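Being a predicted model, the structure only gives us computed values, none of them experimental.
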Amino acid sequence: LDYDEDTMVNTVNVTADLENDLIVSDSNSVPICYPNFTVAKVADMDRTSPSHYANWTITITNTGDVDLLDLAVYDSLIPGGVTHVDVLVGESVNVKVSTIVPSDYVDDKICNTVKAEWSYIIPALDDVDDQEYDEVTLSHEATSCIPVVRASIEITKVADKDWACADDV
């Protein structure tokens, strides 16, 4: 087997000891695939507040040369915690997620992480004769935070005199 970054070539040579020393050669080339993707999570807002929504967009972009069918997207804000998407070569898929910030939330930001995984099967390279296969999993994560602001107002009332008479008011 010979291979470069893009092609694997398997060449077979057969020699027969006949009166003409017949030599037969054949080869076959198979393109090598490179699946890959990126995942990004971006807040859909500059800030939020307790009792208000926090919204994000998850973007999965297929940067490889294989269609990624049934790619798993794990996020605690997705109903059931997971969804599956198909991302074709060179394309992107968006998934929207949101939550309501609890009214008693005390942190200055709310963060959320997404994990995306895609698995595929390849022949086991350590034991070609037994037709065994290995599972390969590509996995990427992204985290995004939204600042949480609290409405606050302070009122200070100051008298313009140190004392006043009943008739002055």
Side-chain angles (χ1 to χ4, degrees), residues 1-13 26-152:
L1 287 176
D2 294 319
Y3 67 94
D4 60 25
E5 287 185 14
D6 299 318
T7 308
M8 182 179 295
V9 178
N10 185 10
T11 302
V12 177
N13 293 313
D26 193 12
S27 66
N28 191 11
S29 299
V30 178
I32 297 175
C33 300
Y34 292 98
N36 204 3
F37 65 93
T38 61
V39 62
K41 185 164 201 169
V42 178
D44 292 346
M45 54 202 354
D46 295 333
R47 63 186 175 278
T48 189
S49 306
S51 301
H52 289 86
Y53 279 97
N55 305 311
W56 290 272
T57 298
I58 301 164
T59 302
I60 297 128
T61 302
N62 186 338
T63 59
D65 57 4
V66 176
D67 291 340
L68 305 175
L69 305 179
D70 202 33
L71 184 139
V73 181
Y74 299 95
D75 191 305
S76 63
L77 301 180
I78 294 173
V82 65
T83 189
H84 293 85
V85 296
D86 294 340
V87 190
L88 303 181
V89 172
E91 294 188 4
S92 296
V93 171
N94 291 329
V95 177
K96 300 275 190 177
V97 295
S98 65
T99 189
I100 296 178
V101 180
S103 60
D104 58 351
Y105 196 79
V106 295
D107 293 338
D108 62 348
K109 61 186 175 183
I110 185 166
C111 298
N112 185 254
T113 299
V114 61
K115 180 179 182 180
E117 290 186 340
W118 188 71
S119 297
Y120 59 101
I121 305 296
I122 62 170
L125 297 178
D126 58 345
D127 196 358
V128 178
D129 294 334
D130 288 340
Q131 299 283 328
E132 292 185 17
Y133 296 91
D134 293 328
E135 182 175 43
V136 177
T137 299
L138 299 175
S139 181
H140 299 288
E141 289 187 7
T143 299
S144 177
C145 299
I146 302 173
V148 176
V149 296
R150 282 156 200 75
S152 65

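For the residue pair Cys111 and Trp56, the shortest heavy atom distance occurs at C-CZ2, 4.4 Å. Heavy atoms only, all atoms of each residue included: Pro35 and Leu68 are closest at CB-CD2, 4.2 Å. Looking at every heavy atom in both residues, Val87 comes nearest to Asn62 through O-ND2, 2.9 Å. The nearest pair of heavy atoms linking Ala72 to Val82 is CB-CG2, 4.3 Å. Ala54 and Met45 get closest at one heavy-atom pair: CA-SD, 3.6 Å. The nearest pair of heavy atoms linking Pro50 to Pro102 is CB-O, 3.5 Å.
Distance alone, capped at 3.5 Å, places no donor-acceptor pair between the Asp107 side chain and the Lys109 backbone. Using modelled atom types, one side-chain atom of Asp75 and one backbone atom of Leu77 make a donor-acceptor pair closer than 3.5 Å. Of the possible polar contacts, one joining the Arg150 side chain to the Tyr105 backbone as a donor-acceptor pair under 3.5 Å is found. Side-chain atoms of Asn36 never come within 3.5 Å of backbone atoms of Thr63 as a donor-acceptor pair (strictly under, hydrogens ignored). In this structure, Asn55 contributes its side chain and Asp44 its backbone to no donor-acceptor pair below 3.5 Å.
The shortest side-chain heavy-atom distance between Ser49 and Val149 falls under the 4.5 Å cut-off. The shortest distance between side-chain heavy atoms of Val101 and His52 does not fall below 4.5 Å.
Rounding to the nearest 0.5 Å gives a distance of 5.0 Å between CG of Leu69 and CG of Asp86. Here the straight-line distance linking atom CD1 of Ile146 with atom CZ of Arg47 works out to 12.0 Å at 0.5 Å rounding.
The ring pair (Phe, Tyr, Trp, His ring centres under 6.0 Å) search around Trp118 returns Tyr120, not counting sequence neighbours. Residues meeting the ring pair (Phe, Tyr, Trp, His ring centres under 6.0 Å) test with His140, sequence neighbours left out: Phe37.
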Checklist entry - Do Ile110 and Thr48 pass the side-chain contact (heavy atoms from CB on, under 4.5 Å) test, and can you show the C-alpha distance, the side-chain angles, and the key distance before you say yes or no? => result CA-CA 9 Å; Ile110 185 166; Thr48 189; 4.3 Å; yes

Item to check | Check against side-chain contact (heavy atoms from CB on, under 4.5 Å), Ile121 and Asp134 | outcome: CA-CA 6 Å; Ile121 305 296; Asp134 293 328; over 6 Å; no

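Other residues, nucleotides and ligands contribute only 12 or fewer heavy atoms inside 6.0 Å of the CG atom of Asp46.
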Only pairs under 3.5 Å count here: list side-chain donor-acceptor contacts from residues 91-100, not counting sequence neighbours, and write none if there are none.
| from | atom 1 | to | atom 2 | distance (Å) |
| --- | --- | --- | --- | --- |
| Ser92 | OG | Thr61 | OG1 | 2.7 |
| Asn94 | OD1 | Thr59 | OG1 | 2.7 |
| Lys96 | NZ | Thr57 | OG1 | 2.9 |

